There are 2 protein chains.
Amino acid sequence: MSTILVIGAGRSSSALINYLLDQCSRNNWQLIVADMDLEMAKARIGNNAVGKAVQVDIMDINSRRELIKESDLVISLLPAFLHTKVARDCLEYSKHLVTASYVSSEMHELAEKARNKGLMFMGEMGLDPGIDHMSAMEKLDEIKADGGNVHSFKSYTGGLIAPESDDNPWHYKFTWNPRNVILAGQGTAQFLKNGRFKYIPYNRLFTRYDLVDIQGMGSYEMYPNRDSLLYRFAYNIEDIPTIIRGTLRHKGFCDAWNVFIRLGLTDDTYPIVNSEYLTYKEFVQAYLLDDSNRPLVEKVADFIGVHKHSEVMKKIEWTGLFSDEKIGISNATPAKILEHLLRGKWNLKPEDKDMIIMQHEFEYTLGDKAKKLTSTMILKGENAEDTAMSKLVGLPLAIFVTLFLKGTPFSTDSSIPVKREIYAPVLKELEEHGVIFKEKIEDM
Amino acid sequence: MSTILVIGAGRSSSALINYLLDQCSRNNWQLIVADMDLEMAKARIGNNAVGKAVQVDIMDINSRRELIKESDLVISLLPAFLHTKVARDCLEYSKHLVTASYVSSEMHELAEKARNKGLMFMGEMGLDPGIDHMSAMEKLDEIKADGGNVHSFKSYTGGLIAPESDDNPWHYKFTWNPRNVILAGQGTAQFLKNGRFKYIPYNRLFTRYDLVDIQGMGSYEMYPNRDSLLYRFAYNIEDIPTIIRGTLRHKGFCDAWNVFIRLGLTDDTYPIVNSEYLTYKEFVQAYLLDDSNRPLVEKVADFIGVHKHSEVMKKIEWTGLFSDEKIGISNATPAKILEHLLRGKWNLKPEDKDMIIMQHEFEYTLGDKAKKLTSTMILKGENAEDTAMSKLVGLPLAIFVTLFLKGTPFSTDSSIPVKREIYAPVLKELEEHGVIFKEKIEDM
């Protein structure tokens with residue numbers, strides 16, 4: 001009898017836990033769901049006899065280790081920077097570990113040690129990263145097997161709001177961790193275009209979006225994502241002249257978001273003095289040179305160089321950023337204040353449906369022919385609880401863990417899912433849950 | 001007999017060491033100068049019998065501790081992030097410690113512990129920070145003693161090149177640590193203006209300069225410096241409505257430097273792939289959208305929104321940034337590459353004179369009269385070796401240490417030099433070395 005420990009019962013855990021509860025019933029396994037908030041863990045389990053909800057403070061080494069000791073495999077849904085604590089314990093007590101987060105260099109080292117002990121340490125087993133790797137590698141391997149030579153790989157993912165639930169001028173709502181939305185793109189985007197390395201600093205990332213055409217959906221804005229260069233090695237396409245991974249947003253989003261960046265409101269490194277007593281208006285004013293009594297919307301419009309009645313300024317005004325409302329939270333960074341403001345505007349209503357779009361574009365030569373393969377997956381959620389995000393982050397984890405515990409012979413020589421023996425069975429099972437990529441091949 | 005240990009024999013240590021060698025001879029003290037580079041330490045000491053040069057690797061805990069154990073007082077000229085290592089050892093072996101660097105919160109805590117052991121831990125005892133605090137506090141205390149009420153305090157410092165050695169279009173050369181020049185201003189500038197808190201993110205810091213008039217020198221550009229708000233408390237002017245500390249640059253500098261920032265070339269957080277094989281031209285191209293064959297100077301001029309023959313572009317072209325020269329250093333960050341480029345252009349020639357400008361402006365009311373006091377210090381160096389920078393960073397340290405070892409009764413209840421008992425004797429002795437503030441009082 002295997003015991004699976006899930007640490008973290010937050011927003012994106014419901015699909016994962018439901019799948020595992022079902023598998024535990026069928027296979028006579030046990031599921032422990034641990035969270036700081038016991039009620040949240042209990043709610044995820046419900047009355048299911050194979051599940052147990054426990055309270056854990058992850059910073060308390062003893063209670064954390066007690067939990068890990070009594071399990072066979074750990075799934076960490078914690079924020080990425082906390083994974084190493086769990087990973088060290090897993091290594092010490094010889095437990096398998098699976099996460100949906102980017103594998104840091106520290107986690108790569110721990111995974112190396114785990115492999116030497118015959119353990120499975122697998123990261124990037126969610127949506128993005130996760131399904132993106134698996135679905136891209138499947139196509140790359142197919143094209144190679146056919147004798148094709150890929151010279152351009154582009155991959156876009158967006159966590160968006162479905163058109164039927166789209167009722168605000170940003171055409172956007174929070175469908176995952178709001179804090180990560182606020183900080184998205186910080187650092188420097190790196191990619192390759194026609195053999196040239198490209199770097200985009202954060203302060204102009206949201207001005208460097210492209211319009212990309214999504215099969216059946218029309219065009220979306222796409223801004224480059226983090227370090228795309230890394231994946232040349234993971235994907236075994238070291239010499240590819242063009243590789244870019246990007247994030248999709250509705251048209252009009254990037255120019256408006258860039259106003260926050262230009263003002264400085266996405267900075268998370270210092271607190272605003274007296275933030276609890278300030279109004280949002282006073283907060284914005286602190287970033288402007290013009291201290292006159294002109295309306296704030298005019299001053300910001302001038303600062304950005306757009307008309308005060310432009311679409312961009314309409315979006316900003318709609319957030320309440322220019323209002324006399326008090327911020328009301330103390331010692332808050334600009335990013336925290338912006339998150340607080342937008343949570344009041346961008347949270348999902350109970351019946352709202354989210355929508356995930358993922359599209360890969362491969363350009364390749366086959367003999368003397370130039371071809372382009374476009375592969376697109378679109379999935380909508382049911383409501384604010386059963387989101388597509390929760391499903392697509394949780395199912396790959398749940399499916400992989402189930403296959404592994406059932407004895408599927410996975411080798412453990414990679415800590416991200418890029419090997420056929422891993423992606424093939426996981427993608428096959430995902431298809432049965434509606435994760436279907438629609439393909440189109442064109443001659444170029 | 002006291003033993004003084006100076007750790008670090010670099011660029012700004014010559015005036016400090018010369019002063020201390022002289023004082024050691026007079027007072028029968030000993031001076032140990034320790035550096036990673038033994039020859040550099042030896043060169044600073046010369047044949048002086050009271051001095052001893054030693055080699056030390058500051059990361060080697062044993063040799064570091066051996067040195068600290070045999071001294072009575074330590075002066076650390078190391079990069080600021082290394083001070084805590086030295087400070088912990090000083091605390092353990094009950095040694096006094098003096099630095100010219102900003103006191104971090106960690107160093108503040110260590111200083112607190114040192115005070116409890118009766119030790120002197122003093123930081124910010126150089127030029128800026130250092131002479132700026134002392135000379136400002138002297139005037140603030142005088143105005144208060146006269147019954148004045150200060151409502152605006154502005155303080156500017158610039159490490160510049162003297163007009164007679166100014167032979168390049170930037171009107172600037174490296175007179176202190178080049179790395180710090182490249183990274184200057186990163187973070188967020190914070191200050192108070194007419195009772196309003198102001199925040200300027202790095203990405204527009206160099207667009208928010210003011211022109212300020214320096215007594216007898218004409219106008220200079222001034223951009224706000226780090227966190228000016230902190231000094232409300234240190235200077236005992238908590239309720240002042242206007243406080244700003246800034247850096248001075250020659251006219252035309254800020255707009256041109258902003259080109260580097262906008263491109264992204266001052267970023268020190270990630271390495272450029274294959275940096276050793278790239279030309280500077282290819283390096284810049286990696287930051288641009290336009291991959292056409294147009295001349296690079298035109299593309300950058302368009303990106304910035306200035307004419308290709310503008311003064312700004314002349315400055316950038318002069319650095320060689322658009323050239324086909326190879327960068328030639330591997331695994332370098334953008335900031336490192338920019339530093340490497342500018343070192344070839346901005347290093348002092350042997351006969352070059354540097355120039356320090358410091359100016360404080362106090363606006364206050366005295367009875368029913370509004371007054372303004374302007375206090376200005378200008379000092380030029382002798383040549384590339386005996387710089388004004390070395391003198392003004394080193395002499396406050398040397399003078400303070402000498403006074404302290406001679407038994408001047410300093411209390412140790414502050415870790416920066418803002419108390420009269422400290423600034424008064426140090427400023428008095430500095431005057432004898434030409435550090436003279438010229439004052440002007442105007443009715444407003």
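These numbers were taken from a predicted model, which means no experiment stands behind them. So that the names make sense, note that chain A is the first sequence line, chain B the second, and so on, each numbered from 1.
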What is the minimum heavy-atom distance between [X] and [Y], and which atoms define it?
| X | Y | value |
| --- | --- | --- |
| B:P201 | A:G264 | CG-CA, 3.7 Å |
| A:N203 | B:I261 | ND2-O, 4.3 Å |
| B:K198 | A:L288 | NZ-O, 2.6 Å |

Review point. What residue, out of A:P334, A:G187, A:A286, has the most heavy-atom pairs lying under 4.5 Å from chain B?
Key: A:A286

Review point. Can you tell me how far the CG atom of A:D210 sits from the CG atom of B:L289, to the nearest 0.5 Å?
Key: 7.5 Å

Does [X] have more than 12 heavy atoms from other residues, nucleotides or ligands lying within 6.0 Å of its [atom1]?
| X | atom1 | result |
| --- | --- | --- |
| A:K154 | NZ | no |
| A:R179 | CZ | no |
| A:M59 | CE | no |

Exercise for review: Output yes when a side-chain donor or acceptor of A:R204 lies under 3.5 Å from a complementary backbone atom of B:R262, and no otherwise.
Suggested key: yes

Measuring heavy-atom distances to chain A, does [X] have an atom under 4.5 Å in its side chain, in its backbone, in both, or in neither?
| X | result |
| --- | --- |
| B:L229 | side chain |
| B:D291 | both |
| B:Q285 | both |
| B:Y287 | both |
| B:F303 | side chain |

Point to revise | Contact leader toward chain A among B:I200, B:L263, B:D227, where contacts are heavy-atom pairs under 4.5 Å | key: B:L263

Revision key, fill the gap. Ranking B:T269, B:V273, B:N274, B:N194 by heavy-atom pairs under 4.5 Å to chain A gives rank one to B:V273

Review point. Given side chains that start at C-beta, do those of A:L265 and B:Y199 come closer than 4.5 Å, heavy atoms only?
Key: no

Point to revise | Region of A:Y270 in contact with chain B, defined by heavy-atom distances below 4.5 Å | key: side chain

